[in-house]
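Worksheet: the structure to be examined is printed underneath.
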Number of protein chains: 2
Amino acid sequence: MTKKKVIQIGVVSELTGLTERQIRYYEDRKLIFPDRSKGGVRKYSFEDIQAIIDIHTKLSDGFHTVELRRMLAGS
Amino acid sequence: MTKKKVIQIGVVSELTGLTERQIRYYEDRKLIFPDRSKGGVRKYSFEDIQAIIDIHTKLSDGFHTVELRRMLAGS
DNA sequence: CGTGTAAGGAATTCTGACACG
DNA sequence: CGTGTAAGGAATTCTGACACG
């Protein structure tokens, strides 16, 4: 485990300026790995938030999620 | 502002081992000051969590909330 | 491909109150 | 006093799908 995952998606959305849809999609693409509450609610860490920002920046730079996943693997 | 208040009461409850009732009561007694989302949901910082633990410890030591509030003022 | 949205349901939180003591 | 609980409502999140392209 890296850091405490205690932040919900609404707050992550505010902090990153991204929509919940985008944040959930990055998880679907296996770029981020939030925890889940018993009820299934996603919980993020501040590290996750930073990763999400990085992901979005790179997507804006023209990268695709598949490439970003490879970058994750090769680190 | 001290630190980012992004954690919801359910997580605070897990992290402190206290009930939501206790956490809300400490706020009612003006010992902690969480933020609120637009919808009215409480948001706590890690500092708040530490404060909550301290409060509960002192209550266990026999102090009353009124005394704890005075201790806050005199610091 | 990455993101928007409407849809219905489920998890989470909120307040005010009654209870004990 | 500090905390438990049942009650009803409201805010938040979840999933799967259709859309565009």
Side-chain angles (χ1 to χ4, degrees), chain A residues 4-73, chain B residues 4-73:
Chain A
K4 283 175 189 168
K5 293 177 185 285
V6 296
I7 310 172
Q8 292 193 182
I9 198 165
V11 176
V12 175
S13 178
E14 284 182 13
L15 262 37
T16 61
L18 303 184
T19 65
E20 300 182 5
R21 180 69 166 96
Q22 293 173 297
I23 298 169
R24 293 201 190 95
Y25 181 67
Y26 299 163
E27 176 183 4
D28 181 64
R29 296 290 76 201
K30 304 199 179 305
L31 296 175
I32 49 178
F33 311 91
D35 278 353
R36 295 277 185 151
S37 71
K38 292 179 184 177
V41 174
R42 270 168 273 247
K43 304 289 183 182
Y44 302 83
S45 66
F46 282 106
E47 286 187 342
D48 288 330
I49 292 180
Q50 187 56 56
I52 290 168
I53 294 175
D54 288 346
I55 292 168
H56 185 254
T57 299
K58 288 172 183 166
L59 285 179
S60 299
D61 287 343
F63 287 98
H64 282 211
T65 55
V66 188
E67 306 177 280
L68 296 184
R69 184 153 67 243
R70 290 194 196 111
M71 291 172 68
L72 271 186
Chain B
K4 283 175 187 167
K5 291 177 187 285
V6 297
I7 309 172
Q8 293 191 183
I9 198 165
V11 175
V12 174
S13 177
E14 285 182 13
L15 262 38
T16 61
L18 303 184
T19 64
E20 301 184 3
R21 180 69 167 95
Q22 292 174 298
I23 298 169
R24 295 199 189 95
Y25 181 67
Y26 298 163
E27 175 183 6
D28 181 64
R29 298 290 74 204
K30 304 202 180 305
L31 296 175
I32 48 176
F33 311 91
D35 279 355
R36 293 278 185 151
S37 70
K38 293 178 182 176
V41 174
R42 270 168 273 248
K43 304 289 182 180
Y44 302 83
S45 66
F46 282 104
E47 287 188 342
D48 288 329
I49 292 179
Q50 187 55 58
I52 290 168
I53 293 175
D54 288 346
I55 291 167
H56 185 253
T57 298
K58 288 172 183 166
L59 285 179
S60 299
D61 287 344
F63 288 99
H64 282 210
T65 55
V66 189
E67 306 176 279
L68 296 185
R69 183 153 69 243
R70 288 193 198 115
M71 293 172 68
L72 272 186

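Letters go in sequence order (proteins before strands), and every chain restarts at 1.
- B:V6 places a side-chain heavy atom less than 4.5 Å from the side chain of A:F46.
- The stretch residues 22-30 of chain B touches DNA chain C through B:R24, each having a heavy atom within less than 4.0 Å of the strand.
- Between A:D48 and A:V12, the closest side-chain pair of non-hydrogen atoms is not below 4.5 Å.
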Please write out the pairs of protein N or O atoms and N or O atoms of nucleotides 5-10 of chain C separated by less than 3.5 Å, giving the distance to one decimal.
{"from": "C:dT5", "atom 1": "O4", "to": "A:R21", "atom 2": "NE", "distance (Å)": "3.2"}

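- Here the straight-line distance linking atom NZ of B:K4 with atom CG of A:L15 works out to 5.0 Å at 0.5 Å rounding.
- The CD1 atom of B:I9 sits 8.5 Å away from the OG1 atom of B:T19 when rounded to the nearest 0.5 Å.
- Here the C1' atom of nucleotide C:dG16 and the CD atom of B:E20 are 16 Å apart, to the nearest Å.
- Within the 4.5 Å cutoff, the side chain of B:H64 has heavy atoms near those of the B:E67 side chain.
- For B:D28, the side chain to side chain contact (heavy atoms under 4.5 Å, CB included) criterion is met by B:Y25, not counting sequence neighbours.
- Residues of residues 40-65 of chain A that place a heavy atom closer than 4.0 Å to DNA chain D, in numerical order, are A:G40, A:V41, A:R42.
- Legend: residues meeting side chain to side chain contact (heavy atoms under 4.5 Å, CB included) with A:E14, ordered by chain and number and at least two apart, are absent.
- Defined by atom type and a distance below 3.5 Å, a donor-acceptor pair is missing between the side-chain atoms of A:D54 and A:T57.
- Looking only at side-chain heavy atoms (C-beta outward), B:T16 and B:H56 stay at 4.5 Å or farther from each other.
- Considering only side-chain N and O atoms, B:Q8 lies nowhere under 4.0 angstrom from the phosphate OP1 or OP2 of D:dT12.
- B:I49 is not listed as a side-chain neighbour of B:V11, based on a closest heavy-atom distance of 4.5 Å or more.
- We find that CG of A:L31 is positioned 15 Å from C1' of C:dT3, with the value rounded to whole Å.
- How far CD of B:Q8 is from CD1 of A:I7: 11.0 Å, rounded to the nearest 0.5 Å.
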Annotated structure of DNA chain D as dot-bracket, pair cut-off 3.5 Å, Watson-Crick or G-U only, | for inter-strand, is .||||.||.|.|.||.||||.
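- From A:K30, atom NZ reaches atom CG of A:L72 across 12.0 Å, with rounding to the nearest 0.5 Å.
- Here A:T65 contributes atom OG1 and A:M71 contributes atom CE; the two are 12.5 Å apart, rounded to the nearest 0.5 Å.
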